[in-house]
Participant: 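Dropping a structure here in structure tokens format, bear with me for questions.
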Number of protein chains: 2
Amino acid sequence: MKNSPETTDHIALAETAEPETRRSADSSERAYNAIRKLLVEFQLKPEERINEMRLAKSLSISRTPIREALNRLASEGFVSLTPNRGFFVRSLSTEGLIDLYELRSIIECAAFRLMCERASDDEIDSLRSYWAGLVEGYRDQPPDDILAEDERFHVLIAELSGNPEIVNQLQAINARIRFIRRIQIEHRSHDKDLVAAHSAIVDAAIKRDAEGGTELLRKHIELTVSATQEALKDALLKVYSSADQSPRQRRGRAASNT
Amino acid sequence: MKNSPETTDHIALAETAEPETRRSADSSERAYNAIRKLLVEFQLKPEERINEMRLAKSLSISRTPIREALNRLASEGFVSLTPNRGFFVRSLSTEGLIDLYELRSIIECAAFRLMCERASDDEIDSLRSYWAGLVEGYRDQPPDDILAEDERFHVLIAELSGNPEIVNQLQAINARIRFIRRIQIEHRSHDKDLVAAHSAIVDAAIKRDAEGGTELLRKHIELTVSATQEALKDALLKVYSSADQSPRQRRGRAASNT
DNA sequence: CGTCAAGAAAGTGTCGACACTATTGCGTTC
DNA sequence: GAACGCAATAGTGTCGACACTTTCTTGACG
């Protein structure tokens with residue numbers, strides 16, 4: 001435990017390869033992205049205590065930007081901070097996630113309603129065309145792309161609500177549930193439903209049918225929630241398999257992304 | 001559920017609004033509270049660039065905890081961070097505030113609805129009795145107490161929704177609009193309405209009238225919004241008058257003590 | 001054998017310093 | 001006299017160091 005900080009730890013950080021020793025390339029940001037990635041991929045496990053020094057070493061930066069990133073992640077709910085003991089990975093509980101989904105549903109439904117009231121025809125049409133440009137090859141893309149586009153779709157609605165605070169909140173929530181959504185999408189259990197739901201939502205938007213649209217959205221998200229239950233089991237597996245000694249994959253190329 | 005309503009420890013105004021994550025160690029916490037106070041009191045003015053070194057000196061601590069506090073405040077929307085130029089006080093615009101109120105309305109209405117569905121009779125009664133214990137001398141208290149109790153009332157509803165994420169969001173929002181609410185309350189323009197509204201809301205809660213209750217809430221908050229317009233004028237005055245020092249002067253003991 | 005305590009080790013919280021960047025002030029050119 | 005560029009200054013971003021706190025180790029005591 002004490003003698004090999006290099007061999008075992010070395011968390012994959014195939015980040016923007018900057019061959020130069022340019023020290024002023026916003027380390028904080030890099031740390032933030034890297035750590036969040038570790039959290040999403042469960043290389044940092046729920047409830048685990050986060051070791052700042054180890055992180056700093058593995059990212060080859062000092063603890064200061066690490067701490068800044070962790071503070072940010074704490075405000076966003078990814079980790080928590082206990083006074084003299086440091087940062088801990090937020091626990092992964094089903095109910096916690098469901099609470100988040102519920103909040104997301106609330107906010108998105110409200111956004112949709114506001115969009116119906118306020119957005120111009122052009123704006124609504126931009127939503128339509130965004131989705132139209134996507135729907136064809138939607139299912140054939142890598143999970144991360146699907147995820148990004150799905151998020152984008154929902155965020156677009158939030159933007160058309162005209163209330164930037166709604167956008168912010170939604171994006172904060174998205175960031176926190178992204179890890180589970182990715183797993184869900186890998187399941188690919190309800191692609192068709194997703195596509196159909198989005199199309200239906202767009203239709204409702206065009207008709208400015210606030211009631212119908214919010215109902216669709218609610219159902220859409222509810223469906224996702226139930227899929228979440230499934231995904232969570234996978235997630236837990238992942239957590240434990242990526243734990244101490246996973247003989248299968250330890251280092252080398254990142255496991256699942258790209 | 002798991003959230004015992006017993007944990008009513010008095011919301012002190014200078015207190016953090018984030019219940020869950022962080023009770024940072026001494027300096028950081030102190031910096032956070034101090035800076036937030038400066039923001040609330042407009043000793044740091046909207047759009048102004050924040051000078052970390054000056055703050056550090058005036059609080060007699062190093063820049064590190066200052067930065068940690070600022071990062072936190074940035075995540076919470078009080079300030080913004082521009083890459084190599086530092087932190088800036090968030091601009092004070094009417095529409096920004098209205099967006100926040102709108103979001104608040106959305107979240108509170110949803111909370112009320114969920115409370116109607118989920119809270120036990122005892123829990124609802126705790127809401128009723130909290131308000132009952134308050135209503136008598138409500139108007140005769142100092143503004144800060146009124147504010148705290150008003151917030152508490154609304155947060156209580158959020159807690160009874162059973163969704164802690166809702167509570168968090170509401171408290172984050174409250175923290176950001178508190179400064180203007182304080183000014184509003186000093187106006188005392190619609191006390192009676194406020195008392196009446198709360199009472200009506202409690203009644204609706206007892207009857208589990210989700211529709212009626214959310215409507216009341218929406219109206220209640222809308223009323224507040226229109227009062228906000230008034231208050232904003234005051235706020236702007238305050239901004240400019242509290243800055244006796246011309247922006248030119250940048251040295252010396254600029255930030256007055258607490 | 002298990003409990004506990006003292007000391008060692010590990011780790012966080014804060015500091016002062018320094019490199020690099022943005023801004024300000026000044027002198028030069030047209 | 002104004003625009004431009006260049007030097008000086010102020011300020012941020014990051015670092016390594018250190019003090020203090022928590023956690024682990026080890027050895028004495030019941």
Participant: Starting at the 5' end of DNA chain D and moving along, which residue's nearest nucleotide shows up first, B:Thr64 or B:Ile50?
Facilitator: B:Ile50

Participant: Between D:dC24 atom C1' and A:Asn51 atom CG, what is the distance in whole Å?
Facilitator: 14 Å

Participant: Does B:Leu70 reach a base, just sugar-phosphate, or nothing at all? Heavy atoms under 4.0 Å.
Facilitator: nothing

Participant: Nearest-Å distance, NZ (B:Lys57) to P (C:dC15)?
Facilitator: 14 Å

Participant: Which nucleotide wins on minimum distance to the side chain of B:Asn84, given the candidates C:dC15, D:dC15, C:dA22?
Facilitator: C:dA22

Participant: Could you check which of D:dT14, C:dG11, C:dT14 has an atom nearest any side-chain atom of B:Ser27?
Facilitator: C:dT14

Participant: Please give, in whole Å, the distance from D:dA10 C1' to B:Glu52 CD?
Facilitator: 12 Å

Participant: Restricting to side chain to side chain contact (heavy atoms under 4.5 Å, CB included), what partner residues turn up for A:Ala110, sequence neighbours left out?
Facilitator: B:Ile106

Participant: Classify the side-chain pair A:Tyr101/B:Glu165 by whether it contains a donor and acceptor separated by less than 3.5 Å.
Facilitator: no

Participant: Assign each of A:Arg49 and B:Arg63 to its nearest nucleotide of DNA chain C by heavy atoms, then name whichever residue's nucleotide is nearer the 5' end.
Facilitator: A:Arg49

Participant: Centroid-to-centroid, A:Phe153 to A:Tyr130, below 6.0 Å?
Facilitator: no

Participant: Remember a base hit wins even if backbone is also touched, and classify A:Ile66 as base, sugar-phosphate or nothing at under 4.0 Å, heavy atoms.
Facilitator: nothing

Participant: C:dG16, D:dT14, D:dT12: which one has an atom nearest the side-chain heavy atoms of A:Ser62?
Facilitator: D:dT14

